Amino acid sequence: PHSMGEEGAGGLRVRCGSGMSSDDHTVSRVTRTKAEARNTYDRISRIYDFSAGLFERRFRNQALERLAITRGESVLEIGFGTGQCLRQIAESVGAEGRVCGIDISAGMLAVSEKRLAKAGLLERVELRCEDAMEMPYQDAEFDAVFLSFALELFDSPEIPKLLAEIRRVLRPHGRLGVVSLSREDGDSTLLKLYEWAHEKMPRYVDCRPIYVERSLAKAGFEIRSVEKVSLFGLPGEIVVGAKP
């Protein structure tokens, strides 16, 4: 997970008109600033694949399978991290396709460039080190957008804004694939312990569970598939939606 939105405000409940839905009062807030996130990911970029990257690999591969990227498509990954998925996406779209990636961390971008260059794929991929909340892409540019353990890094009021921005850059019937920690199993003891750790140590436990399917549906995506997964005891969701 590597890309964030604006700095979150404290507290769990907000007034109407904040951009948050009635579900969001149960979701932990993001209190780490973008600068703190950028510095953290820059610092751990070279070792990420040996820590959190191992934990995520199986599930991001499952999510890419559900997104079903084909040759010639134009695909964007938000929060691309060390470029593992970018490499797979570039291979899937082929030389006639287009791949873009946006991430907040320059350190992660540097690692991704090395990985893509080693695979002979760097010329197929356009990388940007920027905030995904205001993406520098035209309307209806992409056939698919992918987020792997990145959506839950955005604060609750930012998630619907980011999803609206994703809808903007997707073509009609374009697909959005998301794999994320999920709060659907909110009574799980392990989940509650994880949320406690996130709230007490937000710089180190950065992801927090969110309502993935509900968020996409409320943003106007047609839900194509939902898969519940267990991430070493923590609930997760793999969701594919489509722009109407």
Side-chain angles (χ1 to χ4, degrees), residues 1-7 30 32-61 63-64 67 69 73-95 97-138 141-142 144-155 158 162 165-166 169 176-181 201-208:
H2 317 289
S3 180
M4 288 185 62
E6 298 296 332
E7 177 181 359
V30 173
R32 184 177 62 174
T33 68
K34 286 191 292 182
E36 289 171 335
R38 183 183 296 110
N39 291 337
T40 296
Y41 289 124
D42 285 348
R43 187 173 62 251
I44 67 173
S45 57
R46 294 185 180 181
I47 62 169
Y48 190 86
D49 285 338
F50 304 102
S51 54
L54 291 174
F55 169 81
E56 299 168 359
R57 181 182 301 167
R58 170 187 168 192
F59 306 102
R60 67 180 182 234
N61 288 344
L64 277 176
L67 191 55
I69 296 166
E73 287 196 310
S74 179
V75 182
L76 167 67
E77 182 178 7
I78 297 173
F80 56 77
T82 61
Q84 296 274 11
C85 292
L86 284 175
R87 179 185 58 78
Q88 295 175 248
I89 293 168
E91 291 172 344
S92 296
V93 302
R98 179 187 177 213
V99 182
C100 295
I102 186 168
D103 195 292
I104 202 170
S105 166
M108 291 292 189
L109 187 147
V111 173
S112 294
E113 285 184 331
K114 290 180 181 179
R115 167 166 281 115
L116 292 166
K118 185 176 181 180
L121 297 168
L122 185 56
E123 292 185 357
R124 287 190 202 172
V125 183
E126 304 169 24
L127 300 179
R128 290 179 179 267
C129 182
E130 297 185 35
D131 184 353
M133 289 303 301
E134 296 182 4
M135 292 189 284
Y137 305 113
Q138 300 297 316
E141 271 199 55
F142 298 101
V145 174
F146 183 63
L147 293 91
S148 170
F149 299 102
L151 186 61
E152 64 266 57
L153 294 176
F154 290 82
D155 195 19
E158 297 294 331
L162 176 64
E165 183 72 348
I166 291 171
V169 301
L176 168 61
V178 178
V179 56
S180 168
L181 291 175
M201 299 175 288
R203 294 187 181 183
Y204 305 102
V205 184
D206 52 356
C207 294
R208 91 288 195 209

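Given the structure is predicted, the values throughout are model-derived calculations rather than measurements.
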> Could you go step by step and tell me if R115 and T82 meet the side chain to side chain contact (heavy atoms under 4.5 Å, CB included) rule?
Replying inline: CA-CA 8 Å; R115 167 166 281 115; T82 61; 3.6 Å; yes

Taking all non-hydrogen atoms of both residues into account, name the closest pair between [X] and [Y] and its distance.
X    : Y    : result
E152 : V179 : OE1-O, 4.3 Å
E165 : A132 : CG-O, 4.2 Å
S112 : G83  : OG-N, 3.0 Å
Y137 : C100 : OH-CB, 3.9 Å
G177 : L67  : N-CD1, 3.7 Å
L121 : A90  : CD1-CB, 4.1 Å

Inter-residue atom distance [X].[atom1] - [Y].[atom2], 0.5 Å rounding:
X    : Y   : atom1 : atom2 : answer
C85  : I69 : SG    : CD1   : 9.0 Å
R124 : R98 : CZ    : CZ    : 15.0 Å
D155 : R32 : CG    : CZ    : 12.0 Å
L116 : Q84 : CG    : CD    : 10.0 Å
M108 : S45 : CE    : OG    : 6.0 Å
F146 : L76 : CZ    : CG    : 11.5 Å

Evaluate the side-chain proximity of [Y] to [X]: yes if any heavy-atom separation is below 4.5 Å, no if none is.
X    : Y    : value
V30  : R208 : yes
L153 : Y41  : yes
P136 : R128 : yes
F149 : F59  : yes
L127 : L86  : yes
L162 : L147 : yes
D103 : C129 : no
R87  : V125 : no

> Distance-only, no hydrogens or angles: does the D131 side chain make a donor-acceptor pair with backbone N or O of I104 under 3.5 Å?
Replying inline: no

> Counting N and O atoms only, with roles assigned by atom type, does the side chain of E113 sit under 3.5 Å from a partner on the main chain of A110, one being a donor and the other an acceptor?
Replying inline: no

